[in-house]
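In listed order, ligands and their atoms are each counted from 1.
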Amino acid sequence: MANSTEKILITGALGQIGTELTNKLVEIHGAENVIASGLDRWDKNLTSAGFYERMDVTNTQLVKQVIKDYQITTVYHLASLLSGTSEKQPLFAWKLNVEPLLEFLEMAKDGMIQKLFWPSSIAVFGKGIPKHNVGQEVLLNPTTVYGISKLAGEKWCEYYAEKHGVDVRSIRYPGLISWKTEAGGGTTDYAVEIFYDALEEGNYTSFISENTAMPMLYMEDAINATLQIMDAPKENITVRSSYNLGGMSFTPKELAAEIKKEIPEFEVEYQPDFRQQIADSWPASIDDSKAKMDWNLNYTFGLEEMTKDMLKNLRVKLGK
Ligand code: AKB
C-alpha cells in the first residue's frame with residue numbers, strides 16, 4: 001500500500017462527491033490512511049475507506065475526538081445541504097453549511113489538522129452579475145440560502161488563511177454529474193435525473209426551463225480538480241476564498257438533444273418549479289483562468305464525451 005504521511009478524514013463521504021473522492025484517496029494513500037464519515041450506519045459495502053465513523057459533523061466534541069483518535073492531518077469537509085433543500089430548511093442549512101467549517105478552521109489554527117478542503121459553489125454569485133464568463137473577482141450577491149451560506153464560508157476561509165496562516169483550499173463547484181452516486185436537493189440535479197429517466201422511462205420532466213444554461217462538470221474532472229488543488233504547492237494557492245471552476249455550460253434542451261443522439265425516441269417536457277428562480281440567479285458560464293494558471297486545472301469531458309460515458313455506465317448499472 002501507499003506509504004502516506006497523510007491521515008485523511010472525509011465528511012459527507014457517502015454523498016455525491018464523497019463516494020468517488022473517497023475511492024480515489026484510498027487508491028492514492030491506502031485504505032488504512034482514509035477515514036470516511038457520514039450519518040449512515042456502518043455497512044461493509046458502504047465505502048472503500050479503511051475506517052468509517054458514524055458522525056454528525058455538527059457534533060464538534062465527537063469530531064474533535066475522531067481527529068485525535070486517528071491523528072488526522074487533512075480534512076475534506078464535504079457535508080453540506082444543497083441549494084433546493086437549503087431553501088426549505090434555512091436554519092439547518094446555516095448550521096450545517098457554516099458552523100462545522102468554522103470549527104475545522106479553528107482546529108487548523110490550533111494545529112490539530114494541517115490542511116482543509118471545503119467545497120463552495122457557483123451559488124455565491126447571484127443577482128446583478130453578468131451571465132456569461134463570470135470572473136473570479138466579481139461582486140458576490142447571492143439571493144439563496146445556500147448561496148449565502150457558501151459566501152459566508154468563503155469569507156471565513158479567507159479570514160483564517162490571511163489572519164492565521166491556515167492552509168484551507170476551496171473550489172466553487174458547478175453542477176456535478178455522475179453515474180455512481182446520485183445528487184440530492186440541488187438545482188443542477190436535473191442533469192443527472194435526466195439520464196436515469198431517459199433509460200428507465202423514455203421521457204423526463206425537467207424542473208429547469210429548456211433554455212437555462214448553467215455551468216456543469218463531470219465527476220471525474222471534479223475529482224481530478226480537487227486532487228490537483230490539494231496537491232499544489234502552498235505558495236501557488238493565491239485565492240483563499242474559493243476558485244472559480246467553469247467546466248462546460250449547457251441548457252436542458254442541449255443536453256436532451258445530446259441524449260437523443262443515442263436514444264432517438266427520448267422525450268422531454270419542461271415544468272419549471274421553485275428551483276428555476278435559483279438557476280436564474282446563477283451564471284450561465286464561468287471564467288476559471290485563475291485555477292488554470294495557479295494549479296493547472298484542466299478537463300477531459302465536454303458535453304458529448306460526458307453524455308456518452310453516462311449512458312454507457314448507467315446502461316450497465318441499471319441493466320438497460
Ligand atoms: C446545487 O445545485 O445546489 C449544487 C451546486 C451548484 O452547488 N449542485
Give one line per pair: atom of ligand 1, protein atom, distance. Only N/O to N/O under 3.5 Å.
unit_1	atom_1	unit_2	atom_2	d
ligand 1	2 (O)	Ser83	OG	3.4
ligand 1	2 (O)	Thr187	N	2.7
ligand 1	2 (O)	Thr188	N	3.1
ligand 1	2 (O)	Thr188	OG1	3.2
ligand 1	3 (O)	Ser83	N	3.0
ligand 1	3 (O)	Ser83	OG	2.5
ligand 1	7 (O)	Ser121	OG	2.7
ligand 1	7 (O)	Tyr146	OH	2.8
ligand 1	8 (N)	Thr188	OG1	2.9

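Listed by chain and residue number, Ser178, Lys180, Met219, Ile223 satisfy the side chain to side chain contact (heavy atoms under 4.5 Å, CB included) test with Glu20 (two or more places apart in sequence, or in another chain). Checked against salt bridge (charged side-chain N to carboxylate O under 4.0 Å, His left out), Glu6 has no partners two or more places apart in sequence or in another chain. Listed by chain and residue number, Glu262 satisfy the salt bridge (charged side-chain N to carboxylate O under 4.0 Å, His left out) test with Arg315 (two or more places apart in sequence, or in another chain).
For the salt bridge (Lys or Arg N to Asp or Glu O under 4.0 Å) with Asp167, the lone residue among Lys109, Arg240, Lys115 that qualifies is Arg240.
You'll find the ring centres of Tyr243 and Trp295 inside the 6.0 Å limit.
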(Q) Walk me through whether Lys150 and Phe125 qualify under side-chain contact (heavy atoms from CB on, under 4.5 Å). (A) CA-CA 10 Å; Lys150 290 294 180 187; Phe125 293 107; over 6 Å; no
